[in-house]
Amino acid sequence: MERKGEGAFGLKVSAGFWRDALAGLSLASMNIPQVLGYARIAGMPAVTGLYTVLLPLLAFAALGASRHLVVAADSATAAIFSGALSGMAPVGGAAYISMVSAVALLNAGFLLVARLCRLGFLADFLSRTVLVGFLAGVGVQVGLGMLYDMLGLVSARHTPALQVVELVRGLPHANGAAALISVMACLVLLLGQKYRPRIPVALAVVGLGILLGWSGLPAAHGVELLGPVRGGLPVLHVPVIPWENMLALLPVSASCVFVIIAQSAATSRAFADMFHETVDENRDILGLSAANAVAGLSGTFTVNGSPTQTAMAVRAGAMTQRAQVVFAGVTVCVLLALTGPLAWLPQCVLASVVFCVAAGMVDVAALNSIRRESPGEFWLALVTAVTVVGVGVEQGIFIAIALSLFRHVRHSYKPHTMVLRPDTATGTMEVEPVRAGIQTEPGLIVYRFSSDLFYANCQRFAQDITLLVDTAPQPVRCLVVDCSAITDIDYSAARVVHDVLERLKAEQIQVFFGRVLPYALADMERHHIAEAVGQQNIFEQLHVALAAARRVTAG
């Protein structure tokens, strides 16, 4: 329950509102200069970067489900469309700007289709382990890019590995003044984060940076400033481009949409897990569609769920989308009256703010916890992070999904299999791993297969039963299969089960199925397994199947 406080004009205002409002101010101080940098990556006028945190923010806040996801300019999608469109029109020209806005509108249409097809389920294939690795990789990638501005260097490379090599080579040419300012800014930000996490320290750092830039000292020592930014609110219009260009933009938009869905889902899921919340990914896709629609109509570029900016919002104390609404309000004020002072902001100060946020995205404590509890999953997280850093965000997400599925299939491919045996002290049935020479009781084996039966693991089923029957200390008369974990049997597995049943029948071993769920029973009937084993030998409960088998062994 949020506490209420007496606000202006006697209105009751929740403590949560003030917390979100303060977070929105802090978020604006960090992100407004950052989105200007994203506009540069996109090859668009600087003011269009500010437009990405105006109407798109409000659209997602109104229609999206995530309490934390910040939808704004993003380097991944900016790099995708700018790289594709730069060969179709001069960067920054009227035709280029129209095509960039058209891509945003196409994205909105594709995202709407994705919402109607309920593609939000893609987020279910991203485990928490993968999300920790994903955010760590994004943090390293973003932080590495910021080091150049912090040291007053320029990089022509986009691959992180090449950036590292170029950074090492360029260290002798680093700007000492920029490096000193960056170190001081990082110290203030990190100390503030540790001791005063609720105070918008980044706002103070940006303000002091503007004052320092205004004094002329940074420029005198070769430190690059942000430069002039045109103000004014966006004018809504539909971009008009030739039909043949529209067709050429379809694959560009498709690439962006894949990254938008996957990255936004990964980010919203990661921060929802952090706060033990649930996420409606399909509603988020609707919010993303609306955000890209207003982005295209307001003359700016594609927006996406940004891991970096979401981390900034959470770090600033934001708990709901109210912080993003405040952020949009601050953007309006900046566009109308405050674009002038931004010109004095040193690039290294902006880079330091982003660098500290990126460093916080590498959750070392979570990685250590995964390493201690599940070394295999730790390597999965590490591979995801390395892929994001070494190859790219979109490839990293694809690899993350593929590895998550592979790990799941591997568990199903090599399931735990057991034999149930009575405990000598209590008489209850206990489980033991399958091994040669093990038997439930004279003449009887109770076998449990702990997975669905499908083409990849059905031979394990056949091999286990062969091993148990052939090495049993006493001749086997009955086999009871505990089917409690089997909910699906595919065609290939059904053929193998038929072969096993025929061999056991030839050896005069009677088979019973216990704990058969309705789903497994339907598959058994469809594949004629029920007919082969006999309906009278299939039971919903294990103890009933066991009693029937004991009557046979006792006869």
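The two residues V349 and V206 have their closest heavy-atom pair at CG1-CA, 4.4 Å. Counting all heavy atoms, side chain and backbone alike, A23 lies closest to A323 at CB-CB, 4.3 Å. The heavy-atom pair separating E377 from I370 by the smallest distance is C-CG2, 3.8 Å. Taking each heavy atom of Q309 and L27 in turn, the nearest pair found is O-CD1, 3.7 Å. Of all non-hydrogen atoms in A42 and Y96, the two that sit nearest each other are O-OH, 2.5 Å. Closest heavy-atom contact between G143 and F355: O-CD1, 3.4 Å.
Side-chain polar atoms of S369 and E373 form a donor-acceptor pair below 3.5 angstrom. A donor-acceptor contact closer than 3.5 angstrom is absent between the side chains of D284 and S66.
In this structure, the side chains of I260 and F110 stay at 4.5 Å or more apart for every pair of heavy atoms. Between N292 and N304, every side-chain heavy-atom pair lies at or beyond the 4.5 Å cut-off. By the 4.5 Å heavy-atom criterion applied to side chains, T339 and R230 are not counted as neighbours. Inter-residue side-chain proximity for E281 and R269 is flagged as met; some heavy-atom pair is nearer than 4.5 Å. Side-chain contact between F449 and N457 is present, with at least one heavy-atom pair separated by less than 4.5 Å. Side-chain contact check for T384 versus V132: every heavy-atom pair is 4.5 Å or farther apart. Between L54 and P234 the shortest side-chain heavy-atom distance falls below 4.5 Å. Counting heavy atoms from C-beta on, the side chains of L335 and Y51 come closer than 4.5 Å.
Judged purely by atom type and a 3.5 angstrom limit, S268 uses its side chain to pair as donor or acceptor with the backbone of A265. Checked by atom type and distance alone, the side chain of S101 pairs as donor or acceptor with a backbone atom of T300 at under 3.5 Å. Although no hydrogens or angles enter the test, the distance criterion places a donor-acceptor pair under 3.5 Å between the side chain of T331 and the main chain of F327. Using modelled atom types, no side-chain atom of R515 and backbone atom of E540 make a donor-acceptor pair closer than 3.5 Å. A side-chain donor-acceptor contact under 3.5 Å links S298 to the backbone of A295. At least one donor-acceptor pair closer than 3.5 Å links the side chain of T48 to the backbone N or O of P45. Of the possible donor and acceptor atoms, none in the side chain of S26 sits under 3.5 Å from a partner among the backbone N and O of L22.
Not a single salt bridge (Lys or Arg N to Asp or Glu O under 4.0 Å) links R115 to another residue, sequence neighbours left out. With sequence neighbours excluded, no residue satisfies ring-ring contact (aromatic ring centres under 6.0 Å, His included) with F271. Under the rule for a side-chain hydrogen bond (donor to acceptor under 3.5 Å, both in side chains), the partners of D452 that lie at least two apart in sequence or sit in another chain are T487. Checked against salt bridge (Lys or Arg N to Asp or Glu O under 4.0 Å), R371 has no partners two or more places apart in sequence or in another chain. With sequence neighbours excluded, no residue satisfies salt bridge (Lys or Arg N to Asp or Glu O under 4.0 Å) with D490.
Rounding to the nearest 0.5 angstrom, the gap separating the SG atom in C483 from the CG atom in D523 is 11.5 Å. Distance check: L112 CG to N107 CG gives 12.5 Å after rounding to the nearest 0.5 Å. The line from CZ of F60 to CD of Q324 is 9.0 Å long, rounded to the nearest 0.5 Å. A distance of 11.5 Å separates CD1 in I32 from CG in L345, rounded to the nearest 0.5 Å. For the atom pair CG (L116) and CG (L119), the distance works out to 9.5 Å, reported to the nearest 0.5 Å. Rounding to the nearest 0.5 Å gives a distance of 12.0 Å between CG of L85 and CD1 of I97.
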**Report entry** S492/F454 under side chain to side chain contact (heavy atoms under 4.5 Å, CB included): CA gap, chis, key distance, verdict
**Finding:** CA-CA 7 Å; S492 299; F454 66 108; over 6 Å; no
Requested in this report: Would you please test L69 and V71 for side chain to side chain contact (heavy atoms under 4.5 Å, CB included) and show each step?
Outcome: CA-CA 6 Å; L69 187 66; V71 174; 4.0 Å; yes
Query raised in the report: Would E277 and R67 satisfy salt bridge (charged side-chain N to carboxylate O under 4.0 Å, His left out), going step by step from the backbone distance to the final call?
Result: CA-CA 9 Å; E277 298 169 352; R67 295 167 61 88; 3.5 Å; yes
Requested in this report: Test side chain to side chain contact (heavy atoms under 4.5 Å, CB included) on M319 and V314 and set out the steps.
Outcome: CA-CA 7 Å; M319 296 302 295; V314 171; over 6 Å; no
**Report entry** Working for side chain to side chain contact (heavy atoms under 4.5 Å, CB included), residues F301 and T52
**Finding:** CA-CA 7 Å; F301 49 94; T52 64; 3.8 Å; yes
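Classified by interplanar angle (parallel below 30°, tilted 30° to 60°, perpendicular above 60°), the ring pair H68/F275 is parallel.
Within the structure, side-chain hydrogen bond (donor to acceptor under 3.5 Å, both in side chains) pairs that include any residue of residues 231-241 do not occur (at least two apart or interchain).
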